[in-house]
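Read the structure below first, then the notes.
For the single chain, residues carry numbers from 1 onward in sequence order.
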Amino acid sequence: MNTKILENLGKSLKKIRLEQNMTQEALAEKVNIHPTYVGKLESGKNNVSIKLLFKITRALNSSLSEIFEFDKNKK
């Protein structure tokens with residue numbers, strides 16, 4: 001998988017999380033994962049399953065389309 005996609009996805013997750021004034025620890029608790037895993041996702045170091053990504057978007061009061069906004073104008 002293209003690591004740039006993972007990096008952009010991670011930046012998007014972090015941006016939305018910070019807009020919600022939520023810590024990595026709080027997000028991790030809401031979706032039942034370890035806080036360091038959240039950090040790895042946000043830095044683009046780990047790939048995420050669609051199931052977990054869906055849970056994260058719900059915890060952030062967001063949507064999958066918002067998470068992937070970074071790719072909207074790229075073809």
Side-chain angles (χ1 to χ4, degrees):
M1 175 172 244
N2 185 337
T3 57
K4 196 68 173 162
I5 293 171
L6 294 178
E7 290 170 7
N8 288 332
L9 177 63
K11 287 177 189 176
S12 183
L13 288 172
K14 183 176 182 176
K15 177 183 173 282
I16 295 167
R17 177 181 59 76
L18 292 174
E19 288 172 353
Q20 298 287 322
N21 295 313
M22 188 181 297
T23 64
Q24 288 181 342
E25 291 78 11
L27 177 58
E29 188 174 316
K30 283 186 171 207
V31 296
N32 199 29
I33 59 176
H34 199 276
T36 57
Y37 190 73
V38 174
K40 288 180 180 182
L41 290 176
E42 289 182 351
S43 64
K45 290 184 176 23
N46 277 31
N47 202 345
V48 62
S49 71
I50 191 69
K51 183 177 177 181
L52 179 56
L53 189 57
F54 185 78
K55 287 171 70 174
I56 290 171
T57 60
R58 292 297 177 247
L60 293 173
N61 298 311
S62 185
S63 65
L64 289 171
S65 61
E66 185 179 1
I67 296 289
F68 286 99
E69 239 347 84
F70 67 87
D71 200 46
K72 185 167 81 173
N73 296 320
K74 296 180 183 176
K75 301 223 178 195

Fill in the blank from the handout: Nearest heavy-atom contact between S43 and E7 is O-CG, 4.3 Å
Exercise for the section: To the nearest 0.5 angstrom, please state how far the CG atom of L13 sits from the CD atom of Q24. Expected result: 10.5 Å
Handout entry: Nearest-0.5 Å distance, NZ of residue K15 to CD of residue E66
Key = 7.0 Å
Handout entry: Non-hydrogen atoms of L41 and V48 that approach each other most closely
Key = CD2-CB, 3.7 Å
Exercise for the section: Using a 4.5 Å cut-off on heavy atoms from C-beta on, say whether the side chain of Y37 contacts that of V31. Expected result: no
Problem - Spatial distance of atom CG (N8) from atom CD1 (I5) [nearest 0.5 Å] - result: 8.0 Å
Exercise for the section: Give the minimum heavy-atom separation between M22 and L60, together with the two atoms involved. Expected result: SD-CD2, 4.0 Å
Fill in the blank from the handout: Checking L27, N46, I56 against V38 for side chain to side chain contact (heavy atoms under 4.5 Å, CB included), the one that qualifies is L27
Exercise for the section: Kindly say whether F68 contributes a backbone atom to a donor-acceptor pair with the side chain of S12 at under 3.5 angstrom? Expected result: no
Practice task
Treating Ile, Leu, Val, Met, Phe, Trp and Tyr as nodes and any side-chain heavy-atom pair under 4.5 angstrom as an edge, say whether I33 and L64 lie in one connected cluster.
Solution key: yes
Problem - Spacing of OG1 belonging to T57 relative to CD1 belonging to I16, to within rounding of 0.5 Å - result: 9.0 Å
Problem - T36 side, atom OG1; K45 side, atom NZ - distance, nearest 0.5 Å - result: 12.5 Å
Completion exercise
Between the OG1 atom in T3 and the CG atom in N47, the distance rounded to the nearest 0.5 Å is 11.0 Å
